[in-house]
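Residue numbers start from 1 in every chain, and the chains themselves are labelled A, B, ... in the order their sequence lines are given, proteins ahead of strands. Both backbone and side-chain heavy atoms feed into the values below; hydrogens, waters and symmetry mates do not.
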Amino acid sequence: MKYLLSNELRELFIDYFKEKGHKHIPSSSLIPAGDDSIMFTNAGMVQFKDYFTGISKPSFSRAVTAQKCMRAGGKHNDLENVGKTTRHHTFFEMLGNFSFGDYFKNEAINFAWDFLIDKLEIDAQKLFVTVHKKDEEGYLVWKDKIKIDEKRIYKLDDDTNFWQMGDVGPCGYSSEIFFDTGFSEWGHAECDVTCDCGRYLEVWNLVFMQFERAHNGKLSNLPKPSIDTGMGLERMARVLQNVKSNYDSDVFMPYITEIENITGIKYQDGNNLYDTAARVISDHIRTSVFLSSESIFPSNEGRGYVFRRILRRLFRYALKLNLNISNLVYIGNTVVLTMAAFYPEIRESFGIFEKIISDEFERFKGTLNSGIKLLEDEISRLKAEKIKIINGDFVFKLYDTYGFPVDLAIDAASENNLNVDLAGFEQLMQNQKNYSKQKKGKIDFTNLDLNLNPTVFVGYNELEEEAEIIGFLDEEANLLNNPENNTTGFIISDSTPFYAESGGQEGDKGIIEWQTGYFKVDKTIKTKSGVFLHHGRITDSAGFENGAVGNSCNYLHRKALFKVDEKLRKMTESNHSATHLLHAALREVLGSTSSQQGSYVDSEKLRFDFNYSKALTHEEIRKLEIIVNNFIFSNYAVEIEETEMETALHSGALHFFDEKYGDKVRIVNIGNVSKEFCGGTHVKSTGSIGFFKIISESSVASGIRRIEAVTGYNYLNTVYIQEDNLNNIIVLLNSNKADIYNKIIKLYYDYEFIEKENRELKNSNFMLKAGELCKEFKKIGKYSYLIKKLDSFTPDELKELANMIKSKYNLGILANVSDSNGINFIIILGSFYQNEKIIYIAIAEGSMDAAKIIKLMSEKLGGKGGGKKDFAQGGTSNLSKYEEFETDTEGIIKNYLK
RNA sequence: GGGGGGUUAGCUCAGAUGGCAGAGUGGCGCCUUCGCAUGGCGCAGGUCGUGGGUUCGAUUCCCAUACCCUCCA
């Protein structure tokens with residue numbers, strides 16, 4: 001067996017298959033292009049999916065790749081296993097060779113065997129293979145052509161040896177090659193390839209795509225069967241380096257060695273906490289470096305959320321080993337040193353990695369601290385009540401709501417001699433998962449498989465076109481032959497001038513009309529296979545009149561005129577072309593690293609997201625606007641070029657791989673300032689954009705900024721709105737454009753001054769009034785009371801006045817030594833309020849109860865009220881009681897004091 | 001996409017079955033001190049995220065909405 005480093009293995013593999021007529025295709029992004037069914041690229045075949053399904057055709061029939069892959073979210077999730085086994089990773093590389101209708105089983109098996117035996121010089125006695133029990137053809141290749149001992153061929157079932165992409169589409173038997181490491185993680189002495197103990201390592205999976213599964217589940221033979229294979233680089237490196245674990249290979253040892261150096265503890269490849277932590281840290285840092293290079297940022301949804309979970313798991317283990325953030329960055333740099341030769345993007349993005357990891361660490365500390373606080377409170381409560389177990393509800397809430405890791409909660413519990421009800425926790429966790437699953441179920445029309453030819457799009461040149469209606473889908477995606485009049489749904493046609501939403505450009509609106517009626521299109525979308533869906537409502541007079549078929553009407557194969565709303569389309573095109581200009585300007589002002597993160601244009605405005613770490617300054621925004629408007633005023637011609645993907649890639653045009661481009665791509669050239677892949681529609685020359693103005697700049701996620709802007713007429717509208725506002729203000733203040741600012745400044749200061757003066761005036765007025773009212777207290781024994789009705793006071797004013805009376809009266813009593821048998825008084829003030837009710841408040845001191853008095857008053861006055869012992873208020877809309885307010889209240893007080 | 005939580009003074013956060021909005025810290029002033037650290041006293045600083053509703057009364061309850069955190073998909 002050859003001893004190869006991982007980089008050598010990768011090279012050898014690619015060279016071998018290149019020699020066998022395969023085209024080396026670079027690894028695609030970790031973000032699958034135009035594929036929402038998976039979160040991350042998780043196998044080598046992902047970038048070739050459309051070739052296997054036949055949606056598009058490659059210009060080559062054999063390919064070889066080393067593909068970046070992730071399994072840490074969605075259907076394939078290995079995250080929790082990482083660090084605990086010898087062979088699970090969140091990020092890994094898959095080596096693969098592919099045949100698209102070219103060679104099949106015989107060659108695929110021979111290539112694999114030849115590579116293993118001849119190139120890697122692996123001892124054939126250590127290899128075992130599996131085939132599907134019904135795959136006689138595959139079995140015979142192994143037995144007769146390769147001449148492998150029958151005892152080494154395992155015939156297995158669907159669950160291990162049948163592969164399919166989804167419920168429908170291409171699928172087929174697979175054959176796997178296992179390597180006997182002679183070492184079982186579980187200490188098994190006797191077992192075989194079907195055992196999960198790690199002794200038999202699956203090193204190569206060959207998928208024979210030979211069937212097509214229909215909606216009814218039936219299989220039919222594919223005319224041109226294909227091959228999809230995958231060999232895990234990390235596993236094979238481990239085999240060739242003859243070590244017990246992927247982590248002991250040169251793929252991970254550089255990082256583990258660094259952890260040893262930092263902590264001063266030797267890595268033992270064991271199951272203890274330290275060794276697990278070292279593995280987790282190595283794996284997760286490597287993954288984080290790669291995710292950073294894909295412009296994925298930690299967030300609370302989708303891929304960003306997976307990234308956040310990986311980072312949090314990394315931090316948890318880093319804390320256990322007392323690693324700090326600069327240690328982690330240092331290890332991250334080692335990832336760059338070991339892997340950037342093959343993946344140069346990670347070197348360029350290292351700054352982003354540094355920022356992400358340190359920002360996220362700060363955030364993590366925040367959630368840790370708040371969690372620790374809650375946990376400490378709970379623990380001391382339990383201790384006080386002598387309870388020995390923290391219940392699952394609490395731990396779940398801590399985790400679910402506050403993001404506090406469960407294992408840390410368990411640690412803290414055991415430090416305090418407490419247990420955690422883990423079963424209860426798991427139950428709640430399961431409930432949440434089920435709940436979340438149930439809540440899915442909106443139809444994704446873009447993912448429909450309608451089994452129709454792609455719609456011919458003529459809308460680049462035509463906005464009106466006669467076309468044939470070939471189908472109608474209702475809102476539940478049922479194909480209706482005779483949709484009733486007034487039904488909403490989707491019209492499908494053989495061709496159309498309507499642009500369907502894609503590439504961040506809104507779909508067209510407009511009208512589809514025929515002799516007896518029309519269909520108002522409010523949006524246009526398309527399926528992944530290119531069938532255009534015009535959404536709207538049928539309005540057909542024939543539907544009402546045709547009694548024979550109720551009010552339904554057959555639209556199938558009817559010719560209709562498809563008319564795009566030209567005005568909206570033109571405005572959208574302005575915005576779209578302006579987006580390209582803005583992109584060019586951004587690269588000029590902020591540098592070429594500020595690349596596109598997404599964009600959306602409709603007829604009203606354009607939105608552009610890009611990565612940049614801080615808010616744009618006022619000056620930068622102005623600069624962008626000036627540059628873009630200069631582009632517009634230069635009236636550059638917009639040239640569209642249609643070309644092969646290959647040549648386009650070499651032309652230096654900007655492209656973004658979360659977009660899906662066909663084999664033929666369109667390149668949009670604007671002057672010599674912008675060149676981008678783009679399937680959207682554009683103005684003929686930049687002059688017709690008219691004008692460009694940024695209306696907002698904001699942040700969408702950390703590290704991503706968003707610019708929103710308007711063009712042409714839309715800007716005119718915002719100018720009008722602003723102008724009207726300004727004019728209204730000018731007229732109101734009887735001023736003019738030149739003076740208005742100074743006038744407002746003056747008014748503002750005047751207002752502040754007057755308000756302060758007013759407050760003081762009111763205060764001194766209240767003081768005076770309070771002083772007067774102080775004299776009106778009446779006495780019954782040691783109690784005194786003041787009852788007064790006042791006109792047009794607000795509740796707040798009553799409160800304030802009463803408080804002043806109280807302090808003045810208090811002062812008077814305290815000054816008067818002879819009256820020292822305790823302070824017991826109540827102040828009751830009432831007023832009209834907004835001419836619709838009587839309000840009254842009571843402030844009491846000593847043993848008088850304001851709330852009780854207010855209750856009694858409310859009974860008498862037919863109102864409601866309440867409060868506390870020292871303060872209460874009430875109200876009534878029974879205005880006629882106002883005249884007797886004082887006498888009534890006095891009666892109540894006298895009665896109360898009796 | 002769904003669930004949970006949050007938004008109160010410049011900052012960190014309390015708060016009440018609905019009844020006059022608080023602490024710590026920072027800011028300013030004064031005192032203690034030869035001076036500094038410190039300590040003591042006082043002052044300023046609030047649309048209680050926004051908009052509706054219920055109520056005599058809402059920062060608190062209800063509805064909607066924005067933003068942030070978090071879990072699940």
If the P atom of B:G39 is compared with that of B:G26, how far apart are they to the nearest Å? 9 Å
Rounded to whole Å, please give me the gap between CG in A:L428 and P in B:G2. 22 Å
Measure from CG on A:L374 to P on B:G6 and round the result to the nearest Å. 11 Å
Donor-acceptor contacts under 3.5 Å from residues 421-428 of chain A side chains, at least two apart:
from	atom 1	to	atom 2	distance (Å)
A:D421	OD1	A:G424	N	3.0
A:Q427	NE2	A:N431	OD1	3.2

In whole angstrom, give me the gap between the P atoms of B:G18 and B:C63. 15 Å
Under 4.0 Å, counting only non-hydrogen atoms across every strand here, what does A:N803 touch: a base, just sugar-phosphate, or nothing? base
Taking atom P in both B:U59 and B:U50, what distance in whole Å separates the two? 10 Å
Go through the structure and list residues passing salt bridge (charged side-chain N to carboxylate O under 4.0 Å, His left out) with A:E376, not counting sequence neighbours. none
Taking atom P in both B:U47 and B:U7, compute the distance separating them and give it to the nearest angstrom. 16 Å
Side chain of A:R308 - closest among B:G5, B:A73, B:U70: B:U70
Using a 4.0 Å heavy-atom cut-off, does A:T367 contact any base of the nucleic acid, only the sugar-phosphate backbone, or nothing at all? sugar-phosphate
Interatomic distance where CG belongs to A:D870 and C1' belongs to B:C20 [whole Å]: 8 Å
Proximity to the side chain of A:K864 - top-ranked nucleotide from B:U55, B:G4, B:C71: B:U55
Between the base of B:G3 and the side chain of A:D400, is there a donor and acceptor pair under 3.5 angstrom? yes
If the P atom of B:A21 is compared with that of B:A64, how far apart are they to the nearest Å? 29 Å
Residues that A:H88 engages under ring pair (Phe, Tyr, Trp, His ring centres under 6.0 Å), provided they are two or more places apart: none
For RNA chain B, what string of dots and brackets results from 5' to 3' when Watson-Crick and G-U pairs need both distances under 3.5 Å, crossing pairs get [ ], and pairs with another strand get |? (((((((..((((.....[..)))).(((((.......))))).....(((((..]....)))))))))))).
Write down the distance between OH (A:Y402) and C1' (B:U7), rounded to a whole number of angstrom. 13 Å
Here's a test of your reading of the structure: between A:K855 and A:T876, which maps to the more 5' nucleotide of RNA chain B? A:K855
Rounded interatomic separation in angstrom, taking CZ from A:R312 and P from B:C69: 9 Å
Give a yes or no on whether a salt bridge exists between A:K365 and A:E362, defined as a side-chain N under 4.0 angstrom from a carboxylate O. yes
With C1' as the reference atom in both, quote the distance from B:G24 to B:G57 in angstrom, rounded to an integer. 31 Å
Could A:R316 and A:D411 be called an ion pair, given the rule that one side-chain N must be under 4.0 Å from one carboxylate O? no
Whole Å only: how far is the CD1 atom of A:I841 from the C1' atom of B:C20? 9 Å
Any side-chain N or O of A:Y305 under 4.0 Å from OP1/OP2 of B:U70? no
If the cut-off is 4.0 Å, is A:K868 near the phosphate of B:G19, judged by side-chain N/O to OP1 or OP2? no
Output all residues satisfying ring pair (Phe, Tyr, Trp, His ring centres under 6.0 Å) with A:F404, sequence neighbours left out; order by chain, then residue number. none
Please measure how far the P atom in B:A14 lies from the corresponding atom in B:A66, and state the result in whole Å. 25 Å
Within this structure, what is the NZ-to-P distance between A:K433 and B:G1, rounded to whole angstrom? 22 Å
With nearest nucleotide decided by heavy atoms, which residue, A:G863 or A:G867, maps closer to the 5′ end of RNA chain B? A:G867
With a 4.0 Å cut-off on heavy atoms, is A:K806 in touch with a base, just the backbone sugar-phosphate, or nothing at all? base
Any N or O donor-acceptor pair linking the side chain of A:Q873 to the base of B:C56 at under 3.5 Å? no
A:R309 side chain, from C-beta outward: closest of B:C68, B:A73, B:C56: B:A73
Ring centres under 6.0 Å, that's the criterion: do A:F766 and A:F793 meet it? yes
In this structure, how many angstroms lie between the C1' atom of B:C72 and the CD atom of A:E426, rounded? 14 Å
Nucleotide nearest A:T401 when distance is taken to its side chain, options B:G5, B:A73, B:U70: B:G5
Results of salt bridge (charged side-chain N to carboxylate O under 4.0 Å, His left out) for A:K788 - residues two or more places apart only: A:E776
For A:F396, report the nucleic acid contact type (base, sugar-phosphate, nothing); a contact means any heavy atom under 4.0 Å. nothing
Roughly how far apart, to the nearest Å, are B:A9 and B:C28 at atom C1'? 15 Å
Checking ring pair (Phe, Tyr, Trp, His ring centres under 6.0 Å) against A:F777, which of A:Y785, A:Y809, A:Y783 comes through? A:Y809
Under 4.0 Å: is that the gap between some side-chain N or O of A:Y840 and OP1 or OP2 of B:C56? no
Test: A:R312 and A:E360 ion pair at under 4.0 Å: yes
